[in-house]
Each structure stands twice: as structure tokens, then as C-alpha cells.
Amino acid sequence: MCGIAFAISKFPVKGFIEEAGSIQVHRGPDNQNFSLYQFGEFYVGMGHQRLSILDLSEKGSQPMRSRSGRYEMVFNGEIYNYREIQKKYNIQGLRSGTDSEVAIELIEKIGIARASQEFNGMWSIIALDHCNGEILISRDRFGKKPLYYMQRDEEIFFSSEARTLLAVSDVKPEPDPVVATREPLNK
């Protein structure tokens, strides 16, 4: 279990990324890092709280960049078949022994949609393409690894926990009237 946070806004996002890190620290007590950027008029931030399972060294820390530097990601989860993927796609020269690094290199090699089809596991990934200024998002097929988001005006925030989004916003949670009035399925 790791924690991830991501934000894009016309306003600085450092406060959100730092607050998300303190709220989600229990998800990854082994290491905590963040990256901040500005693309034109938009501020972008990504944070990660690491629970070290594969490769306990600092080499597995996130946000993690691909070897070329084009892609950077935060990742929560586990790709069970990462060694097979590494061999199948001839991914060499890795700095760590992590599934995260295999994932980011595969995303660079074949794109996030095709890479996600190759993954066997549970994951939430948010990747930033530094060349095109694009944000790429992927979750496992069953939504095992959480990824919550909140959008308002010209900003969007993501995190591993809903309470993180609520703690750093003035948004008051309200029940969805459609869901709240739905009849039980087992009637």
C-alpha cells in the first residue's frame, strides 16, 4: 500500500501535495517525495508515500522518471508479471528492481493503454509526459487500488484517499441523490 497525490491548477499546488503527504503518511511510511512543475499557466504537482516491498533501496523511490526523462509517475500497487513484461519487451538498464520502473519504461515504450493491457495486478498510476504536457492515468480492471479525484473550475486533484481531498478543499460531501434513492438489488 502506497499513497499517491497529483494536482494540476492555475494556482500553486505545493500546499496540496505537502498536505496530502502528511494525511496519507500511514500508506507509505518508508519514504516520501514530491515533484512540482509549471507548464505555461498551470502548476503541476505529484507526491508519493512509499511502502517499500520490492527493492528496499532509494532507487525505487517515487515520483519515478523513465530513463529518458520523458515520463514521470506516481504508482500505487503491484504488477505481478513485471519480470515477464521486462523480458518480453527487452527492457534493460533498469536502476532498481521494482515493478514501478518496469511500468514506467513500458508506458514510454508502448503507451499507457497498451501497457495497462499487459499488466497483471492491481494499480493506480498517474504519469506525466514532460514532452507533451499530457497526464496519463490508469487503474487496474477491478479498481482494487483506490484513486479519488475532485475537479473544480480549472483545477483537478487526485489522491489515494477521499479524506485527503476533503481535508484540503472547501467542498462539503453530499450524497448523490440517484445513488441514495436506488432500490437494493436483493429485493
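Basis for what follows: all heavy atoms, side chains included, without hydrogens, waters or symmetry-related copies.
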Roughly how far apart are Ile126 CD1 and Glu72 CD, rounded to 0.5 Å?
12.0 Å
Pro63 versus His48, closest heavy-atom pair with distance
N-CB, 4.2 Å
So how far is it from Met150 CE to Glu155 CD, rounded to the nearest 0.5 Å?
7.0 Å
In terms of side-chain geometry, is the basic nitrogen of Lys88 or Glu84 positioned less than 4.0 Å from the acidic oxygen of its partner?
no
If you draw a 6.0 Å radius around CG in Asp153, do more than 12 non-hydrogen atoms from other residues or ligands fall strictly inside?
no
Could you check whether any side-chain N or O of Arg141 sits under 3.5 Å from a backbone N or O of Gln117, counting only pairs where one atom can act as donor and the other as acceptor?
yes
Hphob cluster co-occupancy, Ile17 + Tyr149, side-chain heavy atoms under 4.5 angstrom:
no
Report whether Val74 and Tyr82 are members of the same hydrophobic cluster (ILVMFWY, side-chain heavy atoms less than 4.5 Å apart, transitive linking).
no
Say you draw a straight line from CD of Glu108 to CD1 of Ile91; how long is it, rounded to the nearest 0.5 Å?
10.0 Å
Asp129 versus Arg70: any side-chain heavy-atom pair under 4.5 Å?
yes
Between Ala103 and Met73, the two heavy atoms sitting closest are CB-CE, 4.1 Å
Evaluate the side chain to side chain contact (heavy atoms under 4.5 Å, CB included) criterion for residues Val102 and Ile79: first the C-alpha distance (whole Å), next the side-chain angles of each, then the deciding distance (0.1 Å), finally the verdict.
CA-CA 9 Å; Val102 171; Ile79 307 298; over 6 Å; no
Is the shortest heavy-atom distance from the side chain of Ile125 to the side chain of Ile107 under 4.5 Å?
yes
Would a 4.5 Å heavy-atom cut-off, applied to side chains only, mark Leu106 and Ile104 as touching?
no
May I ask whether Phe42 and Phe157 are part of the same hydrophobic cluster, defined by side-chain heavy atoms of I, L, V, M, F, W, Y residues being less than 4.5 angstrom apart, directly or through others?
no
Taken to the nearest 0.5 Å, the spacing of Glu78 CD from Cys2 SG works out to 10.0 Å
When rounded to the nearest 0.5 angstrom, what is the spacing between CD1 in Ile4 and CG in Asn76?
6.0 Å
Should the pair Tyr37 and Phe39 be assigned to parallel (<30°), tilted (30 to 60°) or perpendicular (>60°) ring geometry?
tilted
Is there a donor-acceptor pair under 3.5 Å between the side chain of Asn120 and the backbone N or O of Asn81?
no
Give the minimum heavy-atom separation between Ala115 and Ile110, together with the two atoms involved.
N-CD1, 3.6 Å
Test of understanding: clusters of I, L, V, M, F, W, Y form through side-chain heavy atoms closer than 4.5 Å, transitively. Do Ile156 and Ile112 belong to the same one?
no
Lys109 atom NZ: more than 12 heavy-atom contacts under 6.0 Å:
yes
Sequence neighbours left out, what passes side chain to side chain donor-acceptor pair (under 3.5 Å) with Arg65? Give chain and number order.
His130
Short question: side chain of Arg95, backbone of Glu101 - any donor-acceptor pair under 3.5 Å?
no
Leu147 side chain near Ile137 side chain, heavy-atom distance below 4.5 Å:
yes
Side chain to side chain donor-acceptor pair (under 3.5 Å), paired with Gln49, selected from Gln24, His26, Arg27
Gln24
Measure the spacing between CD1 of Ile8 and CD of Gln151 and express it to the nearest 0.5 Å.
10.5 Å
Please give me the minimum heavy-atom distance between Met64 and Ser100, naming the atom from each residue.
SD-C, 3.8 Å
Nearest non-hydrogen partners of Leu165 and Ser159, listed with the distance
CG-OG, 3.5 Å
Do Phe6 and Ile135 make a side-chain contact, defined as non-hydrogen atoms from C-beta onward lying under 4.5 Å apart?
yes
Linking I/L/V/M/F/W/Y whenever any side-chain heavy atoms sit under 4.5 Å apart, do Tyr43 and Leu128 land together?
no
Less than 4.5 Å apart, side chain to side chain, heavy atoms only: is that true for Asp140 and Phe119?
no
Within a reach of under 6.0 Å around OH of Tyr80, are more than 12 heavy atoms found that belong to other residues, nucleotides or ligands?
yes
Can you tell me if Ser66 uses its side chain to pair, donor with acceptor, with the backbone of Tyr71 under 3.5 Å?
yes
Exercise: identify the closest heavy-atom pair between Phe16 and Ala7
CD2-CB, 3.6 Å
Compare all side-chain heavy atoms of Lys14 with those of Phe34 and state whether any distance is below 4.5 angstrom.
yes
Side chain to side chain contact (heavy atoms under 4.5 Å, CB included) between Asp99 and Phe75, worked out
CA-CA 10 Å; Asp99 53 347; Phe75 170 85; 3.9 Å; yes
Flag the pair Phe158 / Met46 as yes when at least one side-chain heavy-atom distance between them is below 4.5 Å, and no otherwise.
no
